[in-house]
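Every number for a ligand or one of its atoms is a count from 1 in the order of the listing.
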Amino acid sequence: MSGGLRIRDLRVVFDGFVAVDGVDLDVAPGDLRFLIGPNGAGKTTLVDAVTGLVRASGSARFGETELLGRDVHRIVRLGVGRTFQTAAVFEELTVLQNLDIAAGAGRGPWTMLRRRRGIPDDVAKALETIGLADRRDDLAGTLAHGQKQWLEIGMLLVQDAKLLLLDEPVAGMSHEEREATGALLEAVSGERTVVVIEHDMDFLRRFARTVTVLHAGKVLSEGTVAQVQADPRVQEVYLGHAAKEA
Ligand code: ADP
Ligand code: MG
């Protein structure tokens, strides 16, 4: 079972500009949490702070372990994985090779040699989970946009990340790809804790278990989809805005 994420008074300041402004955030073990909010709300910066990419003050604990102040690689080894807004797979390597490299991060050379005799169970399982078993020998560069995002999620699975922080994984996806991604996130959560940054309200209504709304670096609202949608402050700054765009 995964640990939960407990953030207290998180602050990130860039040259005097406060991007994350005293955020408290609890994500229960196994939750599928959506983190939403207008552009510039501080969503990516929050994930950057938790994964050691930017300096932050306050506290961000995963289970019992404080993450702030640790380096990026240590945080990965503690079981915290993230994806970026732009997919970061090795395009010139196969799907299987991408997964092997991710798995190899926590393994010695003997495991890498052994794998030549077959695919390790966790890699085979990840291939099934992300729906790319029949593409395993294809170059990652030949995958569709959505499939690259799934491969990235698969790389987190074989790293055995227990907390997955996904930055806009369905951006640019077709409706079918979104549905498949939602099903994937449902399958992955439970055993693992998942935080998804996402703008798309239809996708959120369909798949979010809980929602946190960020606005100008602060938590504006939090709760179930219904609670957040009924919150007048959310309607004003976010849903109203989104409705106008639609
Ligand atoms: P979101 O992901 O919610 O769209 P970000 O976390 O990317 O928002 O950005 C929050 C705010 O912090 C924005 O105003 C952005 O311009 C600013 N910001 C992000 N990264 C940096 C940086 N490295 N230096 C200065 N300002 C930054
Ligand atoms: Mg962002």
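Near Thr45, meaning under 4.0 Å from one of its heavy atoms, ligand 1 places the atoms 5 (P), 6 (O), 9 (O), 10 (C), 19 (C). Distances below 4.0 Å separate heavy atoms of Phe17 from the following atoms of ligand 1: 11 (C), 12 (O), 14 (O), 17 (C). Using a 4.0 Å cut-off to heavy atoms of Ala41, the atoms of ligand 1 that qualify are 1 (P), 3 (O), 8 (O). Using a 4.0 Å cut-off to heavy atoms of Asn39, the atoms of ligand 1 that qualify are 4 (O).
Where the criterion is an N or O separation shorter than 3.5 Å, residue side chain and backbone included, Gly42 meets it with respect to ligand 1. Not one N or O of Ala19 is nearer than 3.5 Å to an N or O of ligand 1, by distance alone. Ligand 1 has a nitrogen or oxygen under 3.5 angstrom from a nitrogen or oxygen of Gly40. Remark: ligand 1 and Gln85 share no N or O pair separated by less than 3.5 Å (distance only, no angle test).
With respect to atom 26 (N) of ligand 1, the closest heavy atom belonging to the protein is Phe14 CD1, 3.4 Å. Closest to atom 7 (O) of ligand 1, if we only count protein heavy atoms, is Thr44 CB, 3.8 Å.
Salt bridge annotation for Lys125-Asp122: absent, with no cationic side-chain nitrogen under 4.0 angstrom from a carboxylate oxygen. Salt-bridge annotation for Arg6 and Asp24: absent, with no side-chain N of the basic residue lying under 4.0 Å from a carboxylate O of the acidic one. Between Asp71 and Arg77 there is no salt bridge, since no side-chain nitrogen of the basic residue lies less than 4.0 Å from a carboxylate oxygen of the acidic one. Using a cutoff of 4.0 Å between basic side-chain nitrogens and carboxylate oxygens, Lys43 and Glu198 are not scored as salt-bridged. Between Arg136 and Asp134 there is no salt bridge, since no side-chain nitrogen of the basic residue lies less than 4.0 Å from a carboxylate oxygen of the acidic one.
Using a 3.5 Å distance cut-off with no hydrogens or angles, the side chains of Thr224 and Arg209 do not pair a donor with an acceptor.
Remark: atom 16 (O) of ligand 1 lies closer than 4.0 Å to no protein heavy atom. Counting protein heavy atoms under 4.0 angstrom from atom 19 (C) of ligand 1 gives one or more.
Atoms of the protein (N, O or S only) found under 2.8 Å from the Mg ion (ligand 2) are Thr44 OG1, Gln85 OE1.
Here the side chain of Asn98 pairs a donor or acceptor atom with the backbone of Thr94 at under 3.5 angstrom.
Between Arg206 and Asp202, the closest side-chain pair of non-hydrogen atoms is not below 4.5 Å.
Annotation: cation-pi pair Arg205/Phe207 absent, no NZ/CZ under 6.0 Å from the ring centroid and within 45° of its normal.
Within a 6.0 Å sphere centred on CG of Asp121, other residues, nucleotides and ligands contribute 12 heavy atoms or fewer. Within a 6.0 Å radius of CD in Glu64, other residues, nucleotides and ligands contribute 12 heavy atoms or fewer.
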Problem set entry | Criterion salt bridge (charged side-chain N to carboxylate O under 4.0 Å, His left out) on Asp9 and Arg11, from CA distance to verdict | CA-CA 6 Å; Asp9 198 24; Arg11 266 174 76 84; over 6 Å; no
